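Keep in mind that what you see is a predicted model, and the values were worked out from it rather than measured. Each chain gets a letter, A, B and so on, in the order its sequence line appears, and its residues count up from 1.
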There are 2 protein chains.
Amino acid sequence: MKLAAGVEWAIHCCVVLSRADGPVPAQRLAEFHGVSPTYLAKSLQALSRAGLVAALEGRVGGYVLSRPAAEISVLDVVLAVDGPEPAFRCTEIRQNGPFGAKPEECQEMCSVARVMANAENAWRGALAEVSIADIGAYVAGITPAAQAEAVRAWLAN
Amino acid sequence: MKLAAGVEWAIHCCVVLSRADGPVPAQRLAEFHGVSPTYLAKSLQALSRAGLVAALEGRVGGYVLSRPAAEISVLDVVLAVDGPEPAFRCTEIRQNGPFGAKPEECQEMCSVARVMANAENAWRGALAEVSIADIGAYVAGITPAAQAEAVRAWLAN
DNA sequence: GGATCATTACTCGGATAGTGAGTGTCCGAGTTGAAGCGG
DNA sequence: CCGCTTCAACTCGGACACTCACTATCCGAGTAATGATCC
């Protein structure tokens with residue numbers, strides 16, 4: 001199992017956007033994080049499609065959070081970038097082979113699939129409980145408010 | 001995020017092995033589940049490397065659970081086949097870019113990484129609580145004991 | 001008849017190709033702000 | 001001085017190559033049962 005790298009970038013971008021005043025272009029977000037500008041744009045497009053951020057075109061355009069940071073959970077960002085389908089997809093191999101079960105016997109979910117689904121719900125629940133606003137400073141020894149101010153200052157350049 | 005298909009096969013194989021009496025060859029497990037024999041062998045090798053199953057060579061060889069099914073968690077199987085590294089790997093992008101933090105400021109884990117790690121721990125915890133023995137019948141309307149007997153009968157052929 | 005030994009068939013194990021999603025990149029469509037011009 | 005027009009620069013969005021892990025496969029090394037052979 002491997003989570004796409006774009007997910008990490010998207011979460012960090014949402015945190016930065018929550019601390020910015022106006023719209024921030026993708027180019028600038030990429031410069032801030034030192035990552036590929038073009039590929040980061042792809043992740044931001046996913047956030048835009050999901051309605052988490054609003055894309056403002058034009059000369060002073062950029063991305064803005066479409067909701068307060070406290071109302072955007074980390075799960076929202078992960079699902080938007082990585083896709084909503086669960087990691088485990090039951091292929092119904094219980095219906096395969098000479099000992100396979102008949103389709104009419106498979107109304108209920110497979111036991112294995114149920115276990116995996118429960119685990120995935122636990123994972124999603126943990127991510128749903130944390131909002132972008134809950135993510136404090138990136139580094140220890142500095143208050144979130146102070147770092148937020150520093151980020152704003154850097155964005156203003 | 002996508003979980004390897006071999007994980008599903010491995011879990012089902014462990015359940016079948018827990019109900020078998022003697023060793024079961026990979027060829028037979030593949031026939032039972034109607035999947036590619038050669039690729040299933042690869043997943044079983046992973047289980048063998050992890051010490052979850054014992055491989056008996058020779059004419060009447062095959063795979064046997066090396067521990068009671070109640071002492072093998074689903075998490076053990078998933079980690080053996082899919083690898084122990086977590087799905088989310090922090091790339092420390094907080095150290096990148098002109099605003100990057102210095103390495104000496106990054107002794108503590110990144111806030112984002114911490115959130116993701118907590119979620120992953122919840123996921124693993126849910127899988128660790130379920131053992132192979134806890135997985136009942138694959139289909140509804142049949143008791144686990146009855147299906148276990150049927151599986152044994154099919155394996156005896 | 002019993003023990004020994006070569007045979008043989010069967011098993012696992014790692015090394016070898018094919019494929020799809022993720023990764024990285026590019027250029028075009030659209031919009032906004034500002035500058036220039038005329039009244 | 002004010003309003004309009006034109007322009008230009010900047011933004012996002014989707015379409016196009018590249019890479020690596022997962023999928024699928026093959027053949028060789030090793031082992032235990034089996035059958036024949038000899039005492």
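dC20(D) atom C1' lies 14 Å from atom CD of Glu85(B), rounded to whole Å. Arg49(A) has its CZ atom 9 Å from the C1' atom of dG13(D), to the nearest Å. Taking atom CG of residue Leu3(A) and atom P of nucleotide dT23(C), one finds them 9 Å apart after rounding to whole Å. The CG atom of Leu52(A) sits 17 Å away from the C1' atom of dC12(D) (whole-angstrom rounding). Here the P atom of nucleotide dG20(C) and the CZ atom of Arg89(A) are 14 Å apart, to the nearest Å. Note: CG (Leu56(B)) to C1' (dT31(D)) measures 11 Å, nearest angstrom. Computed from coordinates, the Trp9(B) CH2 to dT23(D) P distance equals 8 Å when rounded to whole Å. Distance NZ (Lys2(B)) to P (dC20(D)): 17 Å, rounded to an integer number of Å.
Arg124(A) places no side-chain N or O within donor-acceptor distance of the main-chain N or O of Leu75(A), the cut-off being under 3.5 Å. Under the 3.5 Å distance criterion, the side-chain polar atoms of Asn118(A) are left unmatched by any main-chain donor or acceptor of Val115(A). Looking at Ser43(A), its side chain never comes within 3.5 Å of a backbone N or O of Ala10(A) through a donor-acceptor pair. Formation of a donor-acceptor pair under 3.5 Å by the Gln147(B) side chain with backbone atoms of Ile142(B) is not found in this model.
Note on Gln45(B): a side-chain N or O is less than 4.0 Å away from OP1 or OP2 of dG14(C). Of the side-chain N and O atoms in Ser48(B), one or more sit less than 4.0 angstrom from OP1 or OP2 of dG13(C).
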query: Given the rule in the side chain to side chain contact (heavy atoms under 4.5 Å, CB included) test, do Val7(A) and Met1(B) qualify, once you have shown the distances and angles that lead to the verdict?
result: CA-CA 10 Å; Val7(A) 173; Met1(B) 188 168 58; over 6 Å; no

field: side chain to side chain contact (heavy atoms under 4.5 Å, CB included) between Arg94(A) and Glu105(A), intermediate numbers included
entry: CA-CA 10 Å; Arg94(A) 61 177 170 173; Glu105(A) 295 177 319; over 6 Å; no

task: Evaluate side chain to side chain contact (heavy atoms under 4.5 Å, CB included) for Val16(A) paired with Leu155(A), printing each intermediate quantity in order.
output: CA-CA 9 Å; Val16(A) 171; Leu155(A) 287 176; 4.2 Å; yes

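Sorted by residue number, the members of residues 33-43 of chain A with any non-hydrogen atom under 4.0 Å from DNA chain C read Ser36(A), Thr38(A), Tyr39(A), Lys42(A).
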Pairs: protein N or O with nucleotides 29-37 of chain C N or O, under 3.5 Å:
none

